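Everything on this sheet refers to the single structure shown next.
Below, each value reflects all heavy atoms present in this structure, side chains not excepted, and no hydrogens, waters or symmetry copies. What you are looking at is a predicted structure, and each value in this text was computed from that prediction instead of being measured.
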Amino acid sequence: MRTDACGNITKVYKGQKINVCGWLKRKREIGKISFFVLEDREGEVQVVVEDEGLLKKIRNLPLYSTLKVEGVVRERPEKDKNPKMETGEIEIIAQNIEIFSVSKHLPFLPDEEKEIFEETKLTYRFLDLRNKKRKETFKLRSTVKYIMTKTLIEMGFIEIETPYLSKSTPEGARDFLVPSRLHKGKFYALTQSPQMYKQILMVSQFDRYFQFARCFRDEDFRKDRQPEFTQLDIEMSFINEEDIFSCVERIFVNIFKQIFNKEIKTPFKRMTYDEVMEFYGSDKPDLRYDYKFEDYKDILGQLEIFKNYKKVKSIFFPYKFSRKIIENIEKELKNQGLPGLGFVIREGSELRGPFKKFLSLKHMPEEGTRFIIAGSDEKLSEWCAILRGSVISEIEKINKKDDFEFLWVTDFPLFEKDEEGNIVSSHHPFTSPKDDEWRKNPLEAKSRAYDLVLNGFEIGSGSIRISDPEIQREILEFLGYNEAEIEKRFGFLLKALSYGAPPHVGIALGFDRIVMILSGEKSIRDVIAFPKTAQGIGLLEGCPSEVDEEQLNELGIKIKEKKNVREKTD
RNA sequence: GGGGACGUAGUUCAGCCUGGUUAGAACGCCGGCCUGUCGAGCCGGAGGCCGCGGGUUCAAAUCCCGUCGUCCCCGCCA
């Protein structure tokens with residue numbers, strides 16, 4: 001039907017008679033001659049129509065109708081070449097045009113420069129996906145997935161699929177439940193991650209497993225969180241941290257080499273959790289902007305206002321910020337409970353700002369702004385992270401860095417307290433403790449869990465697992481599960497571990513987030529073909545939706561109360 | 001669960017603060033002119049339940065209350 005894709009018609013085809021198929025993208029009629037652009041997945045090509053019959057045929061054809069053009073490729077006259085167009089050196093003289101389908105007028109043009117409302121874009125997602133950037137992103141997504149798969153297979157991994165219909169686990173995120181028709185009153189849960197399955201596969205001797213696994217979590221959404229998302233799930237036996245780190249690094253080396261022809265440095269930087277919290281206040285610092293907090297307790301700790309605080313921290317940025325920007329940042333911090341934000345600005349060799357009399361030029365090595373912040377508890381880290389994050393987003397407006405900075409964060413705490421004061425696992429309860437410390441000082445104890453951070457996003461998280469069923473049982477008991485609960489919830493894992501478990505290690509990489517960062521998209525929605533809104537609504541298909549009474553009866557379900565469901569009119 | 005921003009023509013926005021002619025613009029759409037356009041150009045035209053519901057008022061796009069939707073943030077996301 002077609003000789004080649006529109007975007008591939010270059011000078012190679014000069015003089016040849018070809019067929020191309022695609023969408024009528026733009027039309028320019030000048031009297032007795034007409035130009036139009038035919039577009040497909042690969043790009044665009046200009047078609048010239050001079051024949052009177054053909055002119056008539058396309059005269060009133062709406063944009064984005066689909067057609068086939070038969071014609072001859074010719075090089076454009078030198079002055080009419082369009083360097084902005086990839087196929088701009090040539091054009092196709094139409095000899096025949098076949099119209100496959102006539103489009104309705106589009107609610108918006110896919111390549112419109114202006115930002116279309118998310119609501120409109122998602123309702124007509126099939127049109128938004130025609131956007132050039134979207135098409136590039138989804139090609140990139142496919143290529144990244146291919147390189148990941150290829151690299152892993154070359155390293156001896158095999159892909160195994162685990163169930164999506166699984167068992168509800170009350171800890172962690174909320175589950176999406178799937179009612180069972182054959183077992184009324186019982187439910188499957190969509191997997192939040194294949195965690196226990198992947199460990200069991202290790203017991204089954206599949207010592208290098210991977211999977212692009214869909215994960216489902218019924219929590220509130222953000223620009224980097226969707227109810228369903230894809231993770232590259234990896235688990236390996238008989239190795240330690242070093243092996244899994246280099247394995248993951250190799251995947252990224254290949255991605256950057258093959259997609260961007262860029263060498264990235266390995267091994268990636270590493271810092272412990274305690275270090276990143278000390279220097280950045282965050283466990284996922286954006287190291288493209290490597291500004292660190294310093295301890296200013298010795299320098300400013302004696303000031304009356306700071307006397308009651310355990311810690312005084314300060315951070316310097318070589319940028320002079322306006323009063324307004326600083327006020328906005330302070331406002332945000334005050335919303336989070338910070339009493340006050342100190343700062344000094346150096347301009348030339350002049351210092352100004354509320355702290356200028358306490359600091360000298362030696363604290364201000366160059367022109368810029370130094371912020372001072374004080375506090376006593378874990379709130380201080382939070383404030384530090386907000387401060388640093390807000391300042392960096394201001395810096396990005398002036399001087400955005402396009403590079404990529406990876407960081408392994410290791411030695412996470414094994415446990416933490418939840419809002420009710422209960423001790424819970426920081427990572428998950430299958431994470432190996434660093435040492436025996438947890439038996440004495442559980443909240444001080446470290447684990448063998450690690451995160452991979454890229455440009456301030458957590459893109460991966462994993463751990464050395466507990467492979468000894470007795471220790472696993474001990475940890476679960478420590479977390480407050482009684483024997484019956486352990487059996488009910490984790491019995492199948494413990495049983496598996498007790499039949500010869502290898503030491504094993506794993507990680508899950510956030511595939512959507514990785515593609516989002518690599519493609520420079522701002523939201524995870526832009527790298528998922530059919531995403532949900534922030535409220536978890538599928539605007540295109542209209543889900544979630546009510547179902548027939550009959551379906552409910554079959555499942556043995558009765559709805560107690562209904563929330564208004566948005567009526568779809570189109 | 002809480003906070004903030006937004007919702008006006010097919011699309012993106014202005015108007016709203018300070019209520020008062022016929023609610024404007026750009027792009028798109030329709031018609032006309034035009035043989036080298038490529039964000040085509042020029043001339044003309046159509047197109048609106050101002051998200052929805054209530055209230056205040058002589059009078060509401062504008063003020064108030066509620067509601068629905070979209071986005072962002074906090075909580076939440078082992």
Practice task
With RNA chain B as reference, determine whether A/Glu115 or A/Ile93 sits nearer its 5' end, using the nearest nucleotide of each.
Solution key: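 Result of the comparison: A/Glu115.
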Practice task
Specify the residue among A/Phe36 and A/Pro62 whose closest nucleotide of RNA chain B lies further upstream toward the 5′ end.
Solution key: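 Nearer the 5' end of the strand: A/Pro62.
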Report yes or no: is there a donor-acceptor pair, N or O only, under 3.5 Å between the side chain of [X] and the base of [N]?
| X | N | value |
| --- | --- | --- |
| A/Glu219 | B/G75 | no |
| A/Arg222 | B/G75 | yes |
| A/Arg74 | B/G36 | yes |
| A/Arg225 | B/C76 | yes |

With heavy atoms under 4.0 Å as the rule, sort [X] into base, sugar-phosphate or nothing.
| X | value |
| --- | --- |
| A/Glu112 | sugar-phosphate |
| A/Ser426 | sugar-phosphate |
| A/Glu91 | base |
| A/Ile30 | base |
| A/Arg76 | base |

Problem - Close aromatic pair by centroid cut-off 6.0 Å: A/Tyr188 and A/Tyr164 - result: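 They do not qualify: ring centres at least 6.0 Å apart.
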Would you check if there is a donor-acceptor pair between the side chains of [Y] and [X] at a distance under 3.5 Å?
| X | Y | value |
| --- | --- | --- |
| A/Tyr273 | A/Asp283 | no |
| A/Glu521 | A/Thr137 | yes |
| A/Asp512 | A/Gln226 | no |
| A/Tyr197 | A/Thr191 | no |
| A/Arg388 | A/Ser390 | no |
| A/Tyr209 | A/Asp233 | yes |
| A/Thr66 | A/Ser101 | yes |

If you measure from the [atom1] atom in [N] to the same atom in [M], how many Å do you get, rounded?
| N | M | atom1 | value |
| --- | --- | --- | --- |
| B/G20 | B/G15 | C1' | 14 Å |
| B/C50 | B/A61 | C1' | 4 Å |
| B/A9 | B/A14 | P | 12 Å |
| B/G39 | B/G51 | P | 35 Å |
| B/G2 | B/G10 | P | 34 Å |
| B/C72 | B/G55 | C1' | 31 Å |
| B/C71 | B/C13 | P | 15 Å |
| B/C16 | B/C63 | C1' | 10 Å |

For [N] and [X] - does any side-chain N or O of the residue sit under 4.0 Å from the phosphate oxygens OP1/OP2?
| X | N | result |
| --- | --- | --- |
| A/Asn60 | B/G31 | yes |
| A/Arg525 | B/C72 | yes |
| A/Arg28 | B/A40 | yes |
| A/His105 | B/C30 | yes |
| A/Lys84 | B/G39 | yes |

Which nucleotide in the list [options] gets nearest to the side chain of [X]?
| X | options | answer |
| --- | --- | --- |
| A/Gln46 | B/G36, B/U70, B/C72 | B/G36 |
| A/Asp220 | B/G1, B/U12, B/C71 | B/G1 |
| A/Lys114 | B/G75, B/U70, B/U12 | B/U12 |
| A/Lys32 | B/U35, B/C34, B/U70 | B/U35 |
| A/Thr533 | B/C38, B/C77, B/C71 | B/C71 |

Give the rounded distance in Å between these two atoms: [atom1] of [X] and [atom2] of [N].
| X | N | atom1 | atom2 | result |
| --- | --- | --- | --- | --- |
| A/Glu50 | B/U37 | CD | P | 14 Å |
| A/Phe117 | B/G10 | CZ | P | 15 Å |
| A/Gln192 | B/C76 | CD | P | 16 Å |
| A/Glu118 | B/U12 | CD | C1' | 15 Å |
| A/Glu39 | B/C38 | CD | C1' | 14 Å |
| A/Lys25 | B/G39 | NZ | C1' | 11 Å |
| A/Phe35 | B/G41 | CZ | C1' | 14 Å |
| A/Lys532 | B/U70 | NZ | C1' | 16 Å |

Exercise for the section: Under the ring pair (Phe, Tyr, Trp, His ring centres under 6.0 Å) rule, what do A/Phe229 and A/Phe216 come out as? Steps first, then yes or no, please. Expected result: CA-CA 7 Å; A/Phe229 60 94; A/Phe216 306 87; 8.3 Å; no
[N]: pairing nucleotide in any strand, Watson-Crick or G-U under 3.5 angstrom:
| N | result |
| --- | --- |
| B/A5 | B/U70 |
| B/C42 | B/G32 |
| B/C17 | none |
| B/A25 | B/U12 |
| B/G75 | none |

